[in-house]
A.B. asks: 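I am attaching a structure below and will ask some questions about it afterwards.
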There are 2 protein chains.
Amino acid sequence: MATIKDIARTAGVGIGTVSRVLNETGYVSEETRQKVWNAVKSLQYVPNGIARALVTKRTMALGVVLHDLMNPYVPTIARGIEDEARRHGYTMMVLDTDWQLEHELRAITILRQQAVDGIILVSPANTEEMVSKCQDENIPVIVVDSGDASAISHITADHYKGARDAVAWAKKQGHTHIGFLAGPAGLRFADLRLRGYLDSMGLTDLSLEEVDQRKELPIVRAEFLFEGGRAATEALLHAHPEITCIFAGNDMSALGALQYLEQQGIAVPEQIAIIGFDDIFIASLVHPRLTTIRQPMYEIGVAAAELLMQHLSAPECPIPQRVFDLTLVVRESC
Amino acid sequence: MATIKDIARTAGVGIGTVSRVLNETGYVSEETRQKVWNAVKSLQYVPNGIARALVTKRTMALGVVLHDLMNPYVPTIARGIEDEARRHGYTMMVLDTDWQLEHELRAITILRQQAVDGIILVSPANTEEMVSKCQDENIPVIVVDSGDASAISHITADHYKGARDAVAWAKKQGHTHIGFLAGPAGLRFADLRLRGYLDSMGLTDLSLEEVDQRKELPIVRAEFLFEGGRAATEALLHAHPEITCIFAGNDMSALGALQYLEQQGIAVPEQIAIIGFDDIFIASLVHPRLTTIRQPMYEIGVAAAELLMQHLSAPECPIPQRVFDLTLVVRESC
DNA sequence: TTGAAAGCGCTAACAG
DNA sequence: CTGTTAGCGCTTTCAA
């Protein structure tokens, strides 16, 4: 627990000088530099980041607010963020929220208290409120995957186009009766995927709000969950026996659908085809392997951190947005 | 960015008093308390954790060093840690290491600099070195899942017994020729699982070092990876056509094995049975669903954080160790 | 080129 | 009960 004072004393210099050689700021003679480094080595000195942060106003820590680390697509993004952050000497604080706004808001307060230099919001439940809170607190924020194309600085993938590509592929395979397993209403990127599906199915005039009313449509909310996928598929098939293809709004619900069909002895893709969204790791392991829309999650994480770092070192330039392309990965299920 | 001074001024009291009401320490008249809280509210004051940490020597942050967030069993542990930590007002810093000792060591230095109050090591590559470095730095540490039963404070599961249970089950199913997909040599919990297998197969006298020499044994290193599982299974079956059951040291390699067998048209479990280890989420989704040894990962994470918190509030008592039981989850693959 | 001094925002004695 | 004071360990002027 040596302090800068100890270094100064054993090196026989002032603390200002020690600080100067440590941070390579200002002129220091080669000789003193050596003396200081020797003292640092021999005392195994590591600067106290807290004390440093108090004066520099920089903690070299960034906050990552995400809904759930256990949700398969999240760790990949987190890993991307961490890898890039570390390259810049930053450390990552992780906070789960279970997609609840109150938890999200509390997370910001905690991070503000921990004085992180910036925050990355991964798929927040309420983007506007979260971003404005960060702005109130005066802390740089960047949003990942809210799917929101507003002025807010964000990284996302083209969910709308991804959904359209998925339906296009299904149609190309000869399917005309295509059901959809929707995500939670109000979740931006879930809405975009739904919109893509609707538009591709010629339901351009239908608003998202109307969807839940129109029971005759082959659309069921699976909430992006495995169990939801099972249940939704069952409901869908009962109401719409004509369906030959199910487009799931994400892979988890696709997996649920797959399990239901398998248990019912329905052959995939022969009787019912399935197409997912995300390309989480599991997608390539199930049988039949899942055809899906790949989201470059790791790259998205890296990009988010990259842009934040960039903004931190040059706060004057606005943070650019960035939209990643999605790619169709054709495997066996459709 | 109001400071304690601003609060003191607008509330018309001294900063000491403000600090007292904020921390509920010492006597403050109800009236002043109100005045202070009003000022806090109206200025939207949030205490600066950094300044506080500088004097209290407590950052309310803990470091979690893990090998890879993308490894399926890791996020669950991390989530458990975070949930428990948050209950105590702690925030979690996550550092990946890719299982490389140098990265691990660097992680400690970073965390030391960030002045975390404690560190949780999840399956470190080199437990001794890591723990001793933490001790040198004088920072409380607890180890998760190193499988090491030494004096070091740790949480782990009974890998040895788990492996024995797995083999026992396989035998009960009538299997006598049971192959093993081993993990990396030297990884403690991998070694324990291997030891369990060896002992159950009557190879009690065989040392772990000898295993790699004895090519005639039905043991191949799959390195705990999906691809490793595929390759190892292929090798295993070529060398040992008599095998009717494969015990994979972890689920990822079991999944690899499963895929290989499926592609070869080998029926599971009819021709070859498979039993895994970990019970990662995917295990219950593949076909056939994987019989495996369940590790209570979330609970392990919670326990780790719990013990650390406990130690932080009562540093005098030694940190107890804790070994979780593993349970056999019988599904379809064996 | 370098030492000394002034804080950063807060807690924790210490007098009143 | 409450205001004042002295640091926590570091960076950053400011003289020298």
Side-chain angles (χ1 to χ4, degrees), chain A residues 1-37 39-40 43-61 89 109 111-117 137-139, chain B residues 1-40 43-61 89 109 112-117 137-139:
Chain A
M1 303 297 114
T3 77
I4 201 173
K5 269 187 188 167
D6 299 319
I7 304 299
R9 186 155 12 84
T10 77
V13 300
I15 62 166
T17 305
V18 176
S19 176
R20 251 167 261 137
V21 351
L22 253 29
N23 302 297
E24 306 189 33
T25 161
Y27 297 94
V28 183
S29 76
E30 191 47 39
E31 197 194 336
T32 8
R33 191 196 311 287
Q34 275 314 322
K35 284 195 294 188
V36 171
W37 276 119
V40 167
L43 295 183
Q44 301 203 62
Y45 172 73
V46 178
N48 180 329
I50 299 301
R52 176 178 286 170
L54 187 57
V55 25
T56 60
K57 268 96 178 68
R58 279 215 160 195
T59 51
M60 299 307 280
T109 305
L111 292 174
R112 152 87 156 77
Q113 195 147 339
Q114 290 284 351
V116 295
D117 295 339
E137 304 287 17
N138 217 319
I139 141 171
Chain B
M1 302 297 112
T3 75
I4 201 173
K5 270 188 188 167
D6 299 321
I7 305 299
R9 186 156 12 85
T10 77
V13 299
I15 62 166
T17 305
V18 177
S19 176
R20 251 167 259 137
V21 351
L22 254 29
N23 301 297
E24 306 188 36
T25 161
Y27 298 95
V28 183
S29 76
E30 190 47 40
E31 196 195 335
T32 10
R33 190 197 311 287
Q34 276 312 323
K35 285 196 294 188
V36 171
W37 275 119
N38 288 150
V40 167
L43 294 182
Q44 301 203 60
Y45 171 73
V46 178
N48 180 330
I50 299 301
R52 176 178 285 170
L54 187 57
V55 25
T56 60
K57 268 99 180 64
R58 278 215 162 196
T59 51
M60 300 306 280
T109 304
R112 152 86 157 78
Q113 196 147 339
Q114 291 283 351
V116 295
D117 295 339
E137 305 287 17
N138 219 318
I139 142 170

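All heavy atoms count here, side chains included; hydrogens, waters and symmetry mates do not. Reminder, nothing fancy here: chain letters follow the sequence lines and each chain counts from 1.
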A.B. asks: Given the rule in the side chain to side chain contact (heavy atoms under 4.5 Å, CB included) test, do B:T3 and B:N48 qualify, once you have shown the distances and angles that lead to the verdict?
C.D. replies: CA-CA 8 Å; B:T3 75; B:N48 180 330; over 6 Å; no
A.B. asks: Compare side-chain N and O positions of B:S29 against OP1 and OP2 of D:dT2 and report whether any pair is under 4.0 Å apart.
C.D. replies: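 Indeed, a polar side-chain atom of B:S29 lies that close.
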A.B. asks: Separation of A:L54 atom CG from D:dG7 atom P, in whole Å?
C.D. replies: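 One finds 17 Å between P of D:dG7 and CG of A:L54, rounded.
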A.B. asks: Using whole Å, report how far CZ of B:R33 lies from C1' of D:dT2.
C.D. replies: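 That distance rounds to 13 Å.
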A.B. asks: Hey, which sits more toward the 5' end of DNA chain D by its nearest nucleotide, B:G14 or A:G16?
C.D. replies: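 Between the two, 5'-proximity favours B:G14.
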A.B. asks: Starting from P on C:dG9, measure out to CZ on B:R52 and report it in whole angstrom.
C.D. replies: 14 Å
A.B. asks: Closer than 3.5 angstrom, by distance alone: can the side chain of B:R33 be matched with the main-chain N or O of B:V28 as a donor-acceptor pair?
C.D. replies: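 The answer is yes, because a donor-acceptor pair under 3.5 Å joins these two groups.
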A.B. asks: When you get a sec, tell me which of D:dG9, C:dC10, C:dT2 is the closest nucleotide to the side chain of A:T3?
C.D. replies: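 Taking heavy atoms from C-beta onward, the closest nucleotide is D:dG9.
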A.B. asks: Which part of the nucleic acid, if any, lies within contact of A:T32, taking any heavy atom under 4.0 Å across all strands shown: a base, the sugar-phosphate backbone alone, or nothing?
C.D. replies: sugar-phosphate
A.B. asks: Could you pull out the closest heavy-atom pair between A:T32 and A:V13, with the gap in Å?
C.D. replies: CG2-CG1, 3.6 Å
A.B. asks: Does atom CD of B:Q44 have more than 12 heavy-atom neighbours, drawn from other residues, nucleotides or ligands, at distances under 6.0 Å?
C.D. replies: no
A.B. asks: If you look at every strand shown and take non-hydrogen atoms under 4.0 Å, does A:V13 touch a base, only sugar-phosphate, or nothing?
C.D. replies: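 Counting heavy atoms under 4.0 Å across all strands, the contact made by A:V13 is with sugar-phosphate only.
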A.B. asks: Rounding to a whole Å, what distance do you find between A:E31:CD and C:dT2:C1'?
C.D. replies: 13 Å
A.B. asks: Can you tell me the distance, in whole Å, between the CD1 atom of A:I4 and the P atom of C:dG3?
C.D. replies: 12 Å
A.B. asks: Compare every heavy atom of B:A39 with every heavy atom of B:T10, then report the nearest pair and how far apart it is.
C.D. replies: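 The pair with the smallest heavy-atom distance is OG1-CB, 3.2 Å.
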A.B. asks: Report which part of the nucleic acid A:S19 touches: base, sugar-phosphate, or nothing (heavy-atom distance under 4.0 Å, all strands).
C.D. replies: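 Since a base atom lies under 4.0 Å of A:S19, the category is base.
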A.B. asks: Measure from CD1 on A:I15 to P on C:dA4 and round the result to the nearest Å.
C.D. replies: 9 Å
A.B. asks: Does D:dG3 have OP1 or OP2 sitting under 4.0 Å from an N or O in the side chain of B:T17?
C.D. replies: yes
A.B. asks: From NZ of A:K5 over to C1' of C:dA5, roughly how many Å is that when rounded to an integer?
C.D. replies: 12 Å
A.B. asks: Select base, sugar-phosphate, or nothing to describe what B:I50 touches, counting heavy atoms under 4.0 Å on all strands.
C.D. replies: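 Contact class for B:I50: none.
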A.B. asks: It should be established whether A:N23 places a side-chain nitrogen or oxygen under 4.0 Å from OP1 or OP2 of nucleotide D:dT11.
C.D. replies: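 Yes, such a contact exists.
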A.B. asks: Would you please confirm or rule out a distance under 4.0 Å between OP1 or OP2 of C:dG9 and any side-chain N or O of A:K57?
C.D. replies: yes
A.B. asks: Could you give the CZ-to-P distance, from B:R20 to D:dT4, as a whole number of Å?
C.D. replies: 11 Å
